Amino acid sequence: METIFDLARAQRRAGAQVPAPESVEDLPKTALREHLPALPEVSELQAVRHYTRLSGLNYSIDTQFYPLGSCTMKYNPRGTHRAASTPGFLDRHPLAPVSVSQGFLACLHELQEILQRATGMGSVSLTPMAGAQGEFAGVAMIRSYHAARGDTGRNEILVPATAHGTNPATASMCGCIVREVAVGPDGDVEIEALKAAVGPATAGLMTTNPSTCGLFERRIEEIAAIVHDAGGLLYYDGANLNAVLGKVKPADMGFDVLHLNLHKTFATPHGGGGPGAGPVGAGELLAPYLPGPIVEKTAEGYRWTEPPHSIGRLSAFMGNAGILLRALAYALMLGSEGMQRVGEFATLNANYLAARLGQEGFDIAYPNRRACHEFIVTLAAQKRRFGVSAMDFAKRLLDYGVHAPTTYFPLLVPECFLIEPTETESKEEIDAFVDAMANVLAEAESNPELVKSAPHDLPAKRLDDVEAARRLDLRWQARKRSL
Amino acid sequence: MPFLPHTNADVASMLAVVGAADIDELFDEIPSNLLNTGRGNNAPAAGDAAGMSEMEMLRHMAERARADETGPCFLGAGAYDHHIPSAVWDIASRGEFMTAYTPYQAEASQGTLQLVYEFQTMMSELTGMDVCNASVYDGGSGLAETILMAVRAGERRSKGRPAGGRRRVALAGAVHPLYVAAARNIVGHQGIDIVQLPYGENGLADPGRVTGLSEPPAAVVVQQPNFFGLLENVDAITDQAHECGALTVACVNPMTLGLLKAPANWGDGGADIVCGDGQPLGIPMASGGPSFGFICTRQSLVRQLPGRIVGRTRDLDGNPGFTLTLQAREQHIRRAKATSNICTNQGLLVTAATIYLSLLGPEGLRNVASACHARTRDVVAALELPRRFDAPYFHECVLRLGQPAQPIVETMASRGMLGGLALGPYFSDLSDCLLVCATEKRTTSDIRQFANALQDAVRRAA
Amino acid sequence: MTDTPTDARYAETHEWARLDDDGNVVVGVSDYAQEQLGDVVYVELPEVDQQVDAGAEAGVVESVKAASDIYAPVSGTVVAINTSLEDAPELVNQDPYGDGWFFAIAPDSSDEMEDLMDAAEYSEFCEASEAGE
């Protein structure tokens, strides 16, 4: 589609949005621009039509089945968006005095308590802006804890070989060295490899549970004991909490600190890339190091507080406050019973889908294990037999009006799909997806070229990533005009 | 159950396919001592195990929201009460934008991808830089990412030379104190040292101090307008930074760039990296988030840029299309050696900002900027209070009350008015000072009401 | 089957090293490595006159799906870099042992070449890592 800049004509404008000009004679000339920026000059209707049309080029949860593994693309209830869009919340200034912020603080306090109960952690800080910032907070807390004890040699973070890329990236960003621990053929961490990896340099272990393979790490208590005995701490990456929400509490598994992805487990929208929210929770040991601010309830009302040895704030204000409000609204509608149903039905849907795909002749990566909320299909055999890769398969699925599962993650399994249907999808949607998968499989055999050149029915044909990276074109080239 | 489509018949037939007797059996790999320990114990509040209906939830939330409603806002300090055109959130809230994931499947995400490419163009135009990323979290964490990027760029330039990389960054004294706090808390873990150049009696950084540092920094960070609303001598600071081999980092309010000089044109060489918070571009204050941070830079530094970037390319038919590019910088490929750990960003807010900038256009943005300045000028004129600093200000201004400002702010709040920011908690030498701000939304009557209330509070407290 | 010329020696990190007529060691990545990477989109090279140690990072090679560090196979001083890779990184795929070379090192000693694998050993090494996948 043409860009907004192609639609622009000099001096055209959305007149109702342009305030009257005012004098700025009092400002020094050297501080001012010589040319107006070449922003688009379009009418209001042109802008509205352009961006409405662009929206139609996207797949989204509201329009398509979106079984993206590790992303928990469940329904984002509209009511939560409306609740967070109430004027009293939208118009609240982040630095408004506490005396005129009791409503907002009460909401945050309520959410802190809900997340404490759901995870078993004694304290929660809501400020991290996304999972990766929650991870950063957790690793920084672990480092601060060791430093406060004078144990300064602990700079290694252990991660399973299947870990999401943010885990090692976070550890480095926090000044730590990353060590990978091998994962066995059953998908669980190799205990002997872990024993060999821990030592006086171990700051902690970061892991999800269920793992990125969609499997519950059965020896998690043994893993916790090994890390703790070596003097390290355990970090729970909440990316996969949806599988066990209401069923298992991370604190009971032996974790010392965790983050939650509210944009996954608590149904806040992904927004085409964000925003998220990554609250961190901690047990007694690490609670004093939580990032601030935290909301505290006193006899005089709610107020901001910062834990005694806090790693400090990680953003200018209160994180992604509007996302926190949406998560609260969602939790209020679930209630404790609904929260328990989340993990149960996410697991039911995943196991049903895995069984159906198995019947259709797909290779499930860990056929002898119980799937949690997601599972892996490997298309290595199809690649070998028909020359059709997981990426080709994914692109052809788009033609069937479903979003593709996560491809090539975790890295351990060749030609893989990580598939997560979520609890909000109906049996009919899941069955339709199975049909689409079966059709593509038949095409891969009978007409592999059709699959390899997919998609055919989308707004764009297969895009050239190599060309994009070799000849960078990162902005439309605009022209200048005088002020 | 809310949001679950399953009928009893569905559950029964699905379990039959799986070969399980009941749902509990699906959890049989989980050690039994870990299971269901929270049953009945994780209710959001006592007595509502069944959950609220949407109507009840909305009533509950609306009561809370109503408690926080205030009168006209004269508080800025990084979050600004601008008018937002109705179309911005009508479109940004469409499910196709709001409930899409990160555009990894490019062919099914051309809407988001093209929009981000347009956003990168608009931000590059505003700042004068070559490229912009697709957002980081906010202005504060974005400053931290920018500092890490500057240090990394320095290390690359000094590769193989004995001097090694510089691990110190100099910040002008009047950079937003909450940005500085976030940046320190993040970059400190990599042993990067932040030094602040004190602001002078005029409230500005002294360019001469840059070259006077005992050890040359990797970068010099300056905010324009600075936290006090003052216009820094950015040309001289940029030149001085370059003279000592440091990069110049500009921290800006993008709305002001409708009128103020683009950082690429500061001094002889221009700023090297530009960061800031996009909240003024069509995003509600909403307690400070979500908004978005942005980072723009020169083409030569693009591989050090954190966050996603969209590029234009061609599809198999040769038609133009858009895709995420330069992904080898990012955590999902580079893992421990990534430019940042950022994954989820602030995409939906970028969507809003892009629509906002399209509706405002060059003239609209310039006029909003000038109206903000004119209204702030009206506030200063309406108050019989001295300015604390005499350098030229833009859109925000520090006033001296002659007595502690914090109680005055509390008094104003008790009358339902956000009367500015008391600076004492951030700058101990400014405890009698108030940072005030007005936007294009403030009317003559708002300003009169504010001036009367503030002067009344000051008189009574004196 | 990938190409593994016998006139070069190989590192476990998949660089090849070949002694040229001037006594410099020319370095690139093997055919096997370029095939694993896929279409190369960017190459970062060391600077001329830079000192490098054997096994130390001396550059980066990127495709759209992977990024790998390039390690110096021998210690010495960088005497030349292949600037044509800046505009044409595809040379790494097209001609990994020829026009797709990365840089040349004036080696501190000739001994370190002996520590590298010969073509037969390297082919075996690649097959073994293939089987291990």
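A, B, ... follow the sequence lines: proteins, then strands. Residue 1 opens every chain. Predicted model, so just to flag it, every value in this text is computed and none were measured.
Interface summary for chain B: among A:N351, A:I4, A:V24, the most heavy-atom pairs under 4.5 angstrom belong to A:I4. For the set A:L90, A:N261, A:L458, the entry with the most heavy-atom pairs within less than 4.5 Å of chain B is A:L90.
Only the side chain of A:L398 comes within contact range of chain B, with heavy atoms under 4.5 Å apart. Proximity to chain A (any heavy atom under 4.5 Å) is restricted, for B:Q299, to the side chain, taken from C-beta onward.
What you find for A:G79 and B:L58 is that their closest heavy atoms are O-CD2, 3.7 Å. Of all heavy-atom pairs spanning A:R475 and B:D130, the tightest one is CD-O, 3.0 Å. Nearest heavy-atom pair, A:A140 versus B:H189, reported as atom, atom and distance to 0.1 Å: CB-NE2, 3.4 Å. Annotation for A:E22 and B:A371: closest pair CG-CA, 3.7 Å, computed over non-hydrogen atoms.
In this structure a side-chain-to-backbone donor-acceptor pair under 3.5 Å is missing from A:H93 to B:M285.
For the pair A:K74 and B:F3, the cation-pi criterion (under 6.0 Å, within 45° of the ring axis) is not fulfilled.
Counting only N and O atoms by type, the side chains of A:N58 and B:T112 include a donor and acceptor under 3.5 Å apart.
For B:D10 and A:K427, the salt-bridge test fails: no basic side-chain N is under 4.0 Å from an acidic carboxylate O. Salt-bridge annotation for B:R312 and A:D473: present, with a side-chain N of the basic residue lying under 4.0 Å from a carboxylate O of the acidic one. Salt bridge status for A:E467 with B:R314: absent, with no side-chain N to carboxylate O gap under 4.0 Å.
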